Amino acid sequence: MRTKLLGLLALYLGVSVLLTGCWNSRELNDLAIVSGIGMDKLDDEEGYRVTFQIINPSSSAPTTGAASNRPPVMVVTEKDTTVFGALRKASRRTTRQLFFAHTQLLIIGEPLARSGVDHIFDIFERSHELRLNTTVLIAKNSDASSVLKLLTALESLPSTGLVKKTQNTARVWGENRKIGVFEIINGITSEGDFTINGIQIIGNAEEGMKKSSLEQTEPLAGSYMSGLGVFKKGKLISWLNGPESRGTQWLLNKLEETNVNIDASDRKEDISVNIFYSKTAVKVDLREGKPVFHIHIREEGSINEADSFVDFSKEEELGKLKKELAEQTASEVKMALKAAQEKKADIFNFGNELKRTHPELWKTVNKEWDSVFAEGELDLQVDAYIRGTGMRLKPYIPAEKRE
């Protein structure tokens, strides 16, 4: 009898647990889906100005009529000493509860980035809704709120457009890469420093908030990816632009694809080479107390355009181009390393590599790694290969007819 009662009690408890699956369910019509978050520094007080970009369901739905003329998103801003507090305060402005499971973008204003970002990612690790793969951008020379208020022409949701812009330029140009919350937290907690992509407003930001600015072939405002913000001890200290930014991706082995213009015999940067493969190997050791960074880059590309007359059927001509391509790559890598050493910011994780491979040597330099890194030497080898020249070996205009 006692065994039977215990069995019934266990069955009752098991069924009770299984029937609690929907206790926290919420109706879709009661939620406001947040697609992007912006964080800015307050001028004269502690805390943040947090901006939420919320999807407008009336405009996103495939409807016609008056409702479709509304903007695709609405923006709500609140102030508080914590992000969660601002989230709760936003309930005073919205008819629905904010829902963050689809948030894919976090923008940080430059003033806040310069004061420090170490503490603002805590909510991303604690919340069950926010994602650690959320793309992070720094609003270069601007605040995050202004960037989030811009409407975009090709994408109905501005946050989606900015995330796609980051992925697209990383895939084909190579000066930036997709950087998420998880990577930044690793950078904050590791031995080195880190970088975050910059996004800059172009044109009239006030006009860019209006839907009328999209009703023309050239929008009055927009945004473009602009360099890499260098963070040291969690604070933005400087920017890397152009070749320095792309050289950084090479050193980090993050380059997916890019284009390099190299010199012809008679013209500067006249031959376009599409780099479709790049692999970087890094080793770090100490030589008489100074680090030596052994970098080996192997890259492969194809010639996509040549305005000068070059006969690609000749092996010696291709040899010259390979050498030129390797020198161009090495130049950008050296520029990136020099810029980082001037700032004493190890954004390439060389310190982590030395700690991983030579822990006994790392103990001798870890307390003054910033200064030691700045004195490091570069041992660079670039192997460049040209795998294709397109469907033509010689340009269709003969050399004697060119000016």
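Below, all heavy atoms of this structure are taken into account, side chains as well, without hydrogens, waters or symmetry copies. Predicted model only: the values in this text are computed from it and were never measured.
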Quiz: residues 286-297 side-chain donor-acceptor pairs under 3.5 angstrom, not counting sequence neighbours:
residue : atom : partner : partner atom : Å
H294    : ND1  : D379    : OD2          : 2.7
H294    : NE2  : D285    : OD1          : 3.3
H294    : NE2  : D285    : OD2          : 3.2
H296    : NE2  : D383    : OD2          : 2.7

Tell me which donor-acceptor pairs under 3.5 Å the side chains of residues 109-118 have, and how far apart each pair is, sequence neighbours excluded?
residue : atom : partner : partner atom : Å
E110    : OE1  : N141    : N            : 2.5
E110    : OE2  : R114    : NE           : 3.0
E110    : OE2  : R114    : NH2          : 3.1
R114    : NH1  : L236    : O            : 3.4
S115    : OG   : L112    : O            : 2.8

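L137 CG to L148 CG: the interatomic distance, rounded to the nearest 0.5 Å, is 9.5 Å.
No side-chain heavy atom of F194 sits less than 4.5 Å from a side-chain heavy atom of I179. N56 places none of its side-chain heavy atoms less than 4.5 Å from the side chain of V73. A 4.5 Å side-chain heavy-atom check between F84 and R126 finds every atom pair outside the cut-off. Residues V147 and L162 form a side-chain contact, since some pair of their non-hydrogen atoms from C-beta on lies under 4.5 Å apart. With a 4.5 Å cut-off on side-chain heavy atoms, N304 and N259 do not count as touching.
Between K232 and D370 there is a salt bridge, with a side-chain nitrogen of the basic residue lying less than 4.0 Å from a carboxylate oxygen of the acidic one. Comment: K268 engages D263 in a salt bridge, judged by a side-chain N to carboxylate O separation of less than 4.0 angstrom. Ionic pairing of K254 and E183 is not present here: no N-O contact between side-chain nitrogen and carboxylate oxygen is shorter than 4.0 angstrom.
The backbone N or O of I55 lies less than 3.5 Å from no partner atom in the side chain of S35, so there is not a single donor-acceptor pair.
Residues T81 and E46 have side chains that never bring a donor and an acceptor to within less than 3.5 angstrom of each other. The closest side-chain donor-acceptor pair between S145 and R49, if any, does not fall under 3.5 angstrom. No hydrogens or angles considered: a donor-acceptor pair under 3.5 Å links the side chains of N274 and E257. No donor-acceptor contact under 3.5 angstrom links the side chains of K165 and T152, judged on distance only. In this structure, a donor-acceptor pair under 3.5 Å is absent between the side chains of T169 and N176.
Heavy atoms of other residues, nucleotides or ligands lying less than 6.0 angstrom from NZ of K283 number 12 at most. Counting non-hydrogen atoms of neighbouring residues, nucleotides and ligands closer than 6.0 angstrom, the NZ atom of K344 reaches no more than 12 such neighbours. Within 6.0 Å of CZ in F182 there are 12 or fewer heavy atoms belonging to other residues, nucleotides or ligands. Within a 6.0 Å radius of CD in Q216, more than 12 heavy atoms belonging to other residues, nucleotides or ligands are found.
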query = Could you walk me through whether T160 and Q104 pass the side chain to side chain donor-acceptor pair (under 3.5 Å) check?
reply = CA-CA 7 Å; T160 301; Q104 51 187 326; 2.8 Å; yes
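Figure legend: R356 and W362 shown without cation-pi pairing, the cationic atom not lying both under 6.0 angstrom from the six-membered ring centre and within 45 degrees of its axis.
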